[in-house]
Amino acid sequence: NQVPAKFMNNIYNAIGGQVSGTYNDMPFLGTIDSTRVMYGNDIEVVVEDMVTDEMYIINGNTLLEGGNGLYTNLHIYFS
């Protein structure tokens with residue numbers, strides 16, 4: 001299936017895009033600060049909260065699935 005591969009490629013190049021969702025039931029909206037390739041065909045995405053300056057590290061597969069329990073209701077906005 002090419003959807004996950006294309007999504008991962010887009011995520012890798014999405015620095016400056018935005019991510020919204022909740023972390024431990026706390027809503028956030030942040031900007032993608034950096035990305036890096038991880039072992040096993042995944043991307044690590046570092047998101048900086050626009051209000052609190054909190055940093056969130058989210059895997060690309062978690063973004064693709066919309067959450068993982070710790071993160072929920074995830075949405076990515078490509079710039």
Side-chain angles (χ1 to χ4, degrees):
N1 191 352
Q2 292 191 4
V3 171
K6 183 171 176 142
F7 181 81
M8 291 299 177
N9 190 46
N10 289 339
I11 289 282
Y12 183 75
N13 294 303
I15 294 172
Q18 294 183 332
V19 175
S20 68
T22 58
Y23 174 74
N24 276 338
D25 297 322
M26 293 295 295
F28 72 91
L29 173 63
T31 303
I32 297 174
D33 189 51
S34 65
T35 60
R36 74 176 182 94
V37 175
M38 296 174 57
Y39 180 80
N41 297 327
D42 206 348
I43 304 289
E44 177 184 272
V45 180
V46 177
V47 178
E48 182 176 357
D49 192 298
M50 298 169 75
V51 176
T52 65
D53 293 329
E54 192 82 29
M55 300 295 271
Y56 301 100
I57 299 173
I58 309 170
N59 291 348
N61 281 317
T62 302
L63 284 166
L64 178 63
E65 295 166 6
N68 63 0
L70 186 60
Y71 291 99
T72 56
N73 199 32
L74 292 173
H75 300 277
I76 185 162
Y77 309 94
F78 297 102
S79 54

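Applying the salt bridge (Lys or Arg N to Asp or Glu O under 4.0 Å) definition to pairs two or more places apart or across chains, those involving residues 36-58 are R36-E44. Pairs engaging residues 63-79 under the salt bridge (Lys or Arg N to Asp or Glu O under 4.0 Å) rule: none recorded [sequence neighbours left out]. The ring pair (Phe, Tyr, Trp, His ring centres under 6.0 Å) analysis of residues 45-79, with sequence neighbours excluded, yields the pairs Y23-Y56, Y23-Y71, F28-Y56.
From L74, atom CG reaches atom CD1 of I58 across 5.5 Å, with rounding to the nearest 0.5 Å. For the atom pair L64 CG and I76 CD1, the distance stands at 10.5 Å (nearest 0.5 Å). Atoms CG and CD1, from L63 and I32 in turn, are 7.0 Å apart once rounded to the nearest 0.5 Å.
Under a 3.5 Å cut-off, the side chain of T72 and the backbone N or O of G67 do not form any donor-acceptor pair.
Atom CG of N24 has more than 12 heavy atoms from other residues, nucleotides or ligands within 6.0 Å.
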Side chain to side chain contact (heavy atoms under 4.5 Å, CB included) between N59 and V45, intermediate numbers included: CA-CA 6 Å; N59 291 348; V45 180; over 6 Å; no

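Of all heavy-atom pairs between M38 and I43, the closest is SD-C, 3.9 Å. Of all non-hydrogen atoms in N41 and M8, the two that sit nearest each other are O-CE, 4.4 Å. Between L29 and S20, the shortest heavy-atom contact is CD1-CB, 3.9 Å.
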